[in-house]
Amino acid sequence: MTFPQPKLSAAYRLVFCDTIDSTNEEAKRLARTAAEEGTLVWALEQTAGRGRRGRAWVSPPGNLYTSLILRPQCPMDRAAQLGFVAALAVGDTLASICRKPLDALCYKWPNDVLLRDCKVAGILLESELGEGKFPKFVVVGVGINLVSSPRETEFPATSIAEQGVGTASPGSALGKFASHFEDWMERWRDEGFAPIRAAWRARATALGEPIRVRLEPATLHGRFIDIDQHGALLLETAGALRRIAAGEVFPVTRS
Ligand code: BTN
């Protein structure tokens, strides 16, 4: 089969599919049969793409759909920081695709990437526990809206083309993402979460501002104080500081 060949370093082994149910599902299937770290599943379209919290990720041709298998030798809570690593790699990918200056790019906790306050990319981290407390594998799934975005989403969505800020094929976007991910992964391995946290905070949306956090079934209102040294959100609510490890953030101006 011939397909567009993205430029990838020796750290990656590409698994290309024209159409697949979900690159995350395929990556998990492969990871369970001992596929090595760096296996990168890429599809031109998904028939059952998945987002966080059980939502569908509409996946027509033209956008990027990819999932990377990692086998980090660390506890699960630290492995969750890989979502921030991926968000920074997506941010750098968008910055290198889009016309400069791109000051409209920001990160929404935990792992969304926004362009002009609309979601342009999403990240779905999935893992399975091995023996002991380390994950057997982590799959980092990334969707970047290059040419189209879904309508009528709860949080407004957009694409690079719809914003008129640049163009990229899925293959070239994949090559850029893979390269930036490798760079940020190296920093995470060498220096820990601190540089990741600093870069993420520098472009965080609603930091210091009122937000609504959906925790299923509860929703909390408060002020987004910070993310801590593990990546959890610190919310000031009802006069107390609450640490939130998982949830969904909505700036209150949008509610
Ligand atoms: C979200 O923001 O809800 C996460 C979206 C993640 C979508 C990507 S597309 C590639 C990979 N395969 C999937 O089924 N989901 C992720």
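Counting convention: from 1, in listed order, for ligands and their atoms alike. In this chain, residues are counted from 1 in sequence order. None of the values given here were measured: they were computed from a predicted structure.
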Participant: Counting only heavy atoms and a distance below 4.0 Å, can you name the residues contacting ligand 1?
Facilitator: Ser22, Thr23, Asn24, Gln46, Gly49, Arg50, Gly51, Arg52, Trp57, Tyr65, Thr66, Ser67, Asp112, Lys119, Gly122, Ile123, Leu124, Gly141, Val142, Gly143

Participant: Can any side-chain N or O of Arg78 pair as donor or acceptor with the backbone N or O of Phe193 at less than 3.5 Å?
Facilitator: no

Participant: Leu70, Val90: one ILVMFWY side-chain cluster at the under-4.5 Å cut-off?
Facilitator: yes

Participant: With a cutoff of under 4.5 Å between side-chain heavy atoms, which Ile, Leu, Val, Met, Phe, Trp and Tyr residues group with Leu241?
Facilitator: Ile225, Leu234

Participant: Salt bridge or not between Arg151 and Glu162? Use side-chain N to carboxylate O under 4.0 Å.
Facilitator: yes

Participant: Name the atoms and distances for all side-chain donor-acceptor pairs under 3.5 Å in residues 134-145, with sequence neighbours left out.
Facilitator:
| residue | atom | partner | partner atom | Å |
| --- | --- | --- | --- | --- |
| Asn145 | ND2 | Thr158 | O | 3.0 |

Participant: Filter on ring-ring contact (aromatic ring centres under 6.0 Å, His included), then keep only pairs touching residues 158-179, sequence neighbours left out; what's left?
Facilitator: Phe177-Phe181

